[in-house]
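First the structure, in the form of structure tokens, and then the observations on it.
In what follows, chains are A, B, ... by sequence order, proteins preceding strands, each numbered from 1.
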Number of protein chains: 2
Amino acid sequence: MAYRETPRMRARKEATRQRILDITQQLVASGGFGAASVARVAEESGVAIGSVYRHFDSKSDLFAEVFRHATEVEVNRVGEALNTSAPADKALAEALEVFARRAIRSPTMAWALIAEPVGPLVDEERLRYRQAYAELFEQTLIRGMREGCFRPDQNSKLSSAATVGAIAEALVGPLSPAADGLDRDSAEQLIHDVVRLCLQAVRAPGGQQQ
Amino acid sequence: MAYRETPRMRARKEATRQRILDITQQLVASGGFGAASVARVAEESGVAIGSVYRHFDSKSDLFAEVFRHATEVEVNRVGEALNTSAPADKALAEALEVFARRAIRSPTMAWALIAEPVGPLVDEERLRYRQAYAELFEQTLIRGMREGCFRPDQNSKLSSAATVGAIAEALVGPLSPAADGLDRDSAEQLIHDVVRLCLQAVRAPGGQQQ
DNA sequence: GCAAGAACTGAACTCTAGTTCAATTATTCT
DNA sequence: AGAATAATTGAACTAGAGTTCAGTTCTTGC
């Protein structure tokens with residue numbers, strides 16, 4: 001016998017794998033999944049095309065992993081914002097602001113995660129992602145409905161889905177193609193307006209207005 | 001000389017052209033633009049692939065024309081609903097209901113018109129389409145802000161964009177993949193809920209609740 | 001240094017879908 | 001009927017992107 005896998009080699013392989021993941025995420029962030037061809041990923045990662053396939057079974061697998069990681073980060077941030085003892089409407093406002101701020105900062109990534117058609121494997125991950133959001137928002141919506149700050153006769157699943165859609169369309173849709181070209185003040189104004197709009201949509205009739 | 005274009009031939013050509021447009025629209029309605037390959041369009045239209053290219057310069061041109069026609073119909077329906085002397089909030093509710101009902105009846109077409117990535121030519125048309133909606137909704141939003149039924153300190157462009165996004169996500173997004181499989185009652189409930197949500201989002205604080 | 005095995009390479013292969021065009025068929029007018 | 005022209009056809013061409021794999025290079029243990 002001669003060759004054996006050593007810690008050094010394992011670390012090197014792991015580093016290459018991670019580099020491919022990072023490069024792919026960068027490409028997705030700047031141009032969506034459509035901009036991340038295997039050839040481009042390989043070139044920018046400094047490896048041959050074939051090497052990508054030693055680390056990932058297929059482009060779909062690579063995409064699914066990038067998607068999973070990117071969405072985990074997003075969902076965690078929103079989850080942190082919701083995990084508070086503040087009133088439900090304050091918590092939701094904070095979470096929506098986090099969501100909106102991150103979307104406006106990386107509109108292409110937001111679009112890639114929310115809406116870009118990619119393929120079955122990513123669609124599966126996207127379903128999980130949406131469900132994760134839906135569950136987070138829904139939890140707080142339901143809490144607010146109990147606490148009295150949110151309208152009690154609403155469909156919480158519908159409300160959370162519509163909220164995500166409203167933010168996505170307002171911030172990363174074609175009406176705001178220059179979203180990442182906004183100056184800081186306009187961006188803050190936009191975030192403020194859209195969060196207020198979303199909150200008002202679910203708020204109880206008699207509740208306080210901000 | 002011998003051959004000259006006769007009215008009969010012109011009519012036949014026009015009929016074929018129209019048939020291709022109709023078939024393409026049907027294909028888009030059932031599977032999005034992605035399902036409308038030139039080969040499929042040709043086959044279902046009963047012509048050869050090459051013939052499609054005598055009637056349209058390219059697939060993109062064909063798609064742009066189908067898109068233009070389909071969106072004209074949609075925008076006109078919404079425009080009719082808004083063109084009323086009723087209070088602005090009633091007018092908007094009616095228009096949103098029309099929009100939502102049509103979207104839920106043809107979710108794939110709605111998705112194709114609102115969000116499906118197709119190509120630059122269709123994107124151009126889509127921009128016009130969204131602007132047409134934005135202008136329609138905005139007109140009524142502004143009227144309502146004057147009349148006092150809508151919150152006066154809102155960004156009307158943002159509100160109309162967010163409204164379209166909310167409906168799209170709630171009715172045709174992945175959370176409702178079975179939208180066209182809903183029974184009539186569930187569909188009506190969904191439409192009712194989403195319209196109420198959207199209206200409440202833009203309504204003035206003191207305004208009447210439905 | 002050397003043999004065994006793994007990692008790496010990238011040109012070639014495959015697959016899909018839009019487009020073209022030489023050959024065929026159809027229509028019109030004399 | 002026949003000539004002129006247009007319409008139609010669909011196999012072949014093209015282009016782009018994912019995938020493969022035989023050959024090369026690198027790593028390891030003796």
First encountered from the 5' end of DNA chain C, between B:Arg8 and B:Val38: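 Its nucleotide being nearer the 5' end, the pick is B:Val38.
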
Residue [X], side-chain atoms from C-beta onward, closest of [options]:
X	options	answer
B:Thr6	D:dT20, C:dT28, C:dG18	C:dT28
A:Lys13	D:dT28, C:dT28, C:dA7	C:dA7
A:Tyr53	D:dG10, D:dG18, D:dG29	D:dG18
A:Ala48	C:dT19, D:dT28, C:dG10	C:dG10
A:Met9	C:dG18, C:dA7, D:dT19	C:dA7
B:Ser58	C:dT19, D:dT28, D:dG18	C:dT19

Mutual orientation of the aromatic rings belonging to A:Tyr133 and A:Phe137 [parallel < 30°, tilted 30-60°, perpendicular > 60°]: parallel

Spacing of [X] atom [atom1] relative to [N] atom [atom2], expressed in whole Å:
X	N	atom1	atom2	value
A:Glu5	D:dT28	CD	C1'	12 Å
B:Arg4	C:dA26	CZ	C1'	18 Å
A:Phe56	D:dT19	CZ	C1'	16 Å
B:Glu43	D:dT9	CD	P	13 Å
B:Leu27	C:dA17	CG	P	14 Å
A:Leu121	D:dG18	CG	C1'	14 Å
B:Ile49	D:dC13	CD1	C1'	13 Å
B:Arg10	D:dA6	CZ	C1'	14 Å

Short N-O contact, B:Asp123 and B:Arg126, less than 4.0 angstrom: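 Looking at B:Arg126 together with B:Asp123, the answer is yes, because their closest N to O distance falls below 4.0 Å.
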
Short N-O contact, B:Arg128 and B:Glu125, less than 4.0 angstrom: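 Yes.
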
Sugar-phosphate, base or nothing in reach of A:Arg12, heavy atoms under 4.0 Å: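 Touches sugar-phosphate only.
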
Sugar-phosphate only, base, or nothing, as touched by B:Ser51 at under 4.0 Å among non-hydrogen atoms: base

Exercise: do B:Asn76 and B:Glu72 side chains pair donor with acceptor under 3.5 Å: no

N or O in side chain of A:Lys59 less than 4.0 angstrom from D:dA17 OP1/OP2: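 For A:Lys59, the contact criterion (side-chain N or O under 4.0 Å from OP1 or OP2 of D:dA17) is not met.
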
Over 12 foreign heavy atoms within 6.0 Å of CD, A:Gln139: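 Not buried by this count: 12 neighbours or fewer within 6.0 Å.
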
